[in-house]
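The block underneath contains the structure these notes are about, expressed in C-alpha cells.
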Amino acid sequence: MHRARKILILLISFCLLLSLFPGTALAHNEAPDISYALPAPKDVEIIGQSVTCATINWSNVPGAQGYEVYRAENGGAYSLVHTTAFSVFADKDLVTGNDYSYQVRAFRTAGDTVVYSDMSEELSVRPRFALYYQGSSAWRFSDEVRKKACLLTAFAIV
C-alpha cells in the first residue's frame with residue numbers, strides 16, 4: 001500500500017511538472033500543424049485508353065492522404081468525379097468522340113482541417129475508334145503472319 005501511494009504521488013508530481021511547460025507534447029492536446037501547402041500532383045498522364053475508358057496516372061505527393069480527380073466534358077465546367085488514396089484512376093463509361101479534360105489535386109486532413117494542393121496541369125483525352133489494316137504493326141503480329149494474312153481486314157479498338 002505504501003509503495004502504491006509513492007507511485008501515485010510521483011505520477012501526480014510528473015503531471016504537475018508537465019503543466020508548467022505548455023509547449024511539451026504531453027502537456028496539451030493540440031492538433032498537429034498541417035498549415036503547410038501540398039504541392040500539386042505532377043506527371044499526370046494517360047496510361048491506357050479505349051473507346052469508353054481512360055486510365056490516368058500521376059506521381060505521388062509526399063504527405064498526401066488522398067487525391068481528388070476532376071473532369072470536364074466538351075469544354076464544360078470541372079466537377080469532382082472520384083476521390084482515391086491511390087495515384088491512378090480509371091474513368092469508365094466515356095462517350096466515343098467527346099473531349100474530356102482532367103485535373104487532380106492532393107489533400108490531407110488532421111481533425112476537422114483539410115489542406116488541398118493546387119490543381120495539377122490539365123490533361124485531355126478523346127476516346128476514339130481506329131481502323132487497323134492487316135499489315136499494321138499495331139496488331140503486333142510477326143512479319144510472317146502479316147505476309148500470310150493479306151486478306152485480313154479488321155477494326156480494332158484503340
Side-chain angles (χ1 to χ4, degrees), residues 15 18 21-158:
C15 291
L18 284 178
F21 301 97
T24 62
L26 296 175
H28 54 84
N29 189 15
E30 286 185 13
D33 178 23
I34 63 165
S35 59
Y36 64 89
L38 293 167
K42 296 193 182 297
D43 304 321
V44 181
E45 63 181 342
I46 299 291
I47 60 170
Q49 178 182 340
S50 72
V51 176
T52 61
C53 181
T55 303
I56 302 153
N57 188 59
W58 56 89
S59 297
N60 285 323
V61 174
Q65 292 175 321
Y67 303 92
E68 293 181 341
V69 180
Y70 290 81
R71 179 183 71 199
E73 187 174 350
N74 294 324
Y78 277 94
S79 61
L80 178 65
V81 292
H82 191 68
T83 301
T84 181
F86 304 103
S87 60
V88 65
F89 166 64
D91 195 6
K92 300 174 183 172
D93 300 324
L94 302 180
V95 176
T96 303
N98 283 355
D99 293 315
Y100 297 92
S101 298
Y102 297 91
Q103 288 187 303
V104 181
R105 72 176 177 176
F107 69 87
R108 64 188 179 92
T109 62
D112 294 336
T113 305
V114 181
V115 174
Y116 295 99
S117 73
D118 289 333
M119 289 289 194
S120 69
E121 291 186 21
E122 184 176 87
L123 175 70
S124 297
V125 65
R126 181 176 217 183
R128 66 190 184 284
F129 282 106
L131 170 64
Y132 288 144
Y133 65 95
Q134 64 268 18
S136 172
S137 62
W139 286 107
R140 298 190 175 139
F141 291 139
S142 69
D143 287 338
E144 183 67 24
V145 170
R146 282 194 299 228
K147 287 177 188 174
K148 291 181 179 179
C150 63
L151 299 177
L152 175 65
T153 303
F155 288 91
I157 300 171
V158 179

query: Between Ser87 and Asn57, is a side chain to side chain contact (heavy atoms under 4.5 Å, CB included) present by the stated rule, with each step listed?
result: CA-CA 6 Å; Ser87 60; Asn57 188 59; 4.2 Å; yes
- request: Step by step, work out the side chain to side chain contact (heavy atoms under 4.5 Å, CB included) result for Glu68 and Tyr116.
  value: CA-CA 9 Å; Glu68 293 181 341; Tyr116 295 99; 3.7 Å; yes
task: Examine distances only and state if a side-chain atom of Tyr100 and a backbone atom of Pro127 form a donor-acceptor pair shorter than 3.5 Å.
output: no
ring-ring contact (aromatic ring centres under 6.0 Å, His included), paired with Tyr67, selected from Phe107, Phe86, Trp58: Trp58
field: Flag, side chain of Asn74 to backbone of Asp99, donor-acceptor distance under 3.5 Å
entry: yes
query: Does Tyr70 have any ring pair (Phe, Tyr, Trp, His ring centres under 6.0 Å) partners at least two apart in sequence or in another chain, and if so, which?
result: none
- request: May I ask you to decide if Thr109's main-chain N or O and Gln65's side chain share a donor-acceptor pair within less than 3.5 Å?
  value: yes
task: May I ask you to decide if Ala72's main-chain N or O and Ser101's side chain share a donor-acceptor pair within less than 3.5 Å?
output: no
query: Say you draw a straight line from OH of Tyr102 to CZ of Phe89; how long is it, rounded to the nearest 0.5 Å?
result: 6.5 Å
field: Intermediate values then yes/no, side chain to side chain contact (heavy atoms under 4.5 Å, CB included), Val88 and Ile47
entry: CA-CA 9 Å; Val88 65; Ile47 60 170; 4.2 Å; yes
message: With rounding to the nearest 0.5 angstrom, report the OG1 to CZ distance, Thr113 to Arg108.
response: 10.0 Å
message: Any side-chain to backbone donor/acceptor pair from Arg126 onto Gly97? Under 3.5 Å, distance only.
response: yes
query: Sub-3.5 Å donor-acceptor pair from the side chain of Gln103 to the main-chain atoms of Ser120, do we have one?
result: yes
query: Atom CD1 in Ile46, atom CG in Leu123: separation rounded to 0.5 Å?
result: 4.5 Å
